[in-house]
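For reference, the structure is listed below as structure tokens.
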Amino acid sequence: FPTRRSSDLGLLPSNAWNKMMTNLENHFNSDASLNEADLQTLTKYLNDNSAEKNMQYKRSNRIVSSLLPGQEADSISTTPYMVQKHREIRKDLITQPEVKGLFNCMACHTTADKGIYSERAINIPNFGRWED
């Protein structure tokens, strides 16, 4: 699996990754099924790099802290932390065809592929640069 930047690790806790990995045949309305070897390898990688194991990173710490005890996130974009971070953005900008939803980080965070989510690198389609 590709090496990721440390700032990109820990976006979900283990319980959420495990829930997701046990239902890949219905992964956000797509069949993302894997052969057993790949499933085991990917599940181990996700658990080894889960949010609660990367609490030294601010984003991981904030994601885990935003969850209620025992709460399982269904996706990164539905964690209370991510919802709160995007609260000032109009819903129509998030749901427009060029973005589709909070799950599509690269649509607005131009450096998300590098694990960088700086406000300086936000460019919302049909809106422009985000100035907080």
Could you tell me whether the side chain of [Y] reaches within less than 4.5 Å of the side chain of [X], counting heavy atoms only?
{"X": "Thr111", "Y": "Ser118", "value": "no"}
{"X": "Ile89", "Y": "Phe127", "value": "no"}
{"X": "Met20", "Y": "Phe28", "value": "yes"}

Work out which heavy atom in [X] is nearest to a heavy atom in [Y]; give both atom names and the distance.
{"X": "Glu52", "Y": "Pro13", "value": "OE1-CA, 2.9 Å"}
{"X": "Cys108", "Y": "Pro125", "value": "SG-CD, 3.8 Å"}
{"X": "Met82", "Y": "Ile76", "value": "CG-O, 3.2 Å"}

First locate atom [atom1] of [X], then atom [atom2] of [Y], and finally report the distance between them rounded to the nearest 0.5 Å.
{"X": "Leu67", "Y": "Arg62", "atom1": "CG", "atom2": "CZ", "result": "14.5 Å"}
{"X": "His109", "Y": "Glu119", "atom1": "NE2", "atom2": "CD", "result": "9.0 Å"}
{"X": "Ile94", "Y": "Asn104", "atom1": "CD1", "atom2": "CG", "result": "11.5 Å"}
{"X": "Arg129", "Y": "Ile124", "atom1": "CZ", "atom2": "CD1", "result": "10.5 Å"}
{"X": "Arg59", "Y": "Leu11", "atom1": "CZ", "atom2": "CG", "result": "6.5 Å"}
{"X": "Ile122", "Y": "Cys105", "atom1": "CD1", "atom2": "SG", "result": "10.5 Å"}

side-chain contact (heavy atoms from CB on, under 4.5 Å) assessment of Leu93 paired with Val99: CA-CA 7 Å; Leu93 292 174; Val99 178; over 6 Å; no

Can you tell me if [X] uses its side chain to pair, donor with acceptor, with the backbone of [Y] under 3.5 Å?
{"X": "Glu72", "Y": "Lys19", "result": "no"}
{"X": "Asn54", "Y": "Ser50", "result": "yes"}
{"X": "Ser66", "Y": "Tyr81", "result": "yes"}
{"X": "Trp17", "Y": "Leu12", "result": "yes"}
{"X": "Thr43", "Y": "Gln40", "result": "no"}

Co-membership, hydrophobic cluster, residues Leu24 and Leu42, 4.5 Å side-chain: yes

Donor + acceptor pair across side chains of Asn18, Asn47 (<3.5 Å): yes

Stepwise side-chain contact (heavy atoms from CB on, under 4.5 Å) test for Met21 and Leu34: CA-CA 9 Å; Met21 297 305 289; Leu34 299 169; 4.2 Å; yes

Verdict with supporting geometry, Ser14 and Lys53, side-chain contact (heavy atoms from CB on, under 4.5 Å): CA-CA 9 Å; Ser14 290; Lys53 293 180 181 156; 4.2 Å; yes

Within 6.0 angstrom of Lys85 NZ, more than 12 heavy atoms from elsewhere: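 Atom NZ in Lys85 is not crowded, with 12 or fewer foreign heavy atoms closer than 6.0 Å.
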
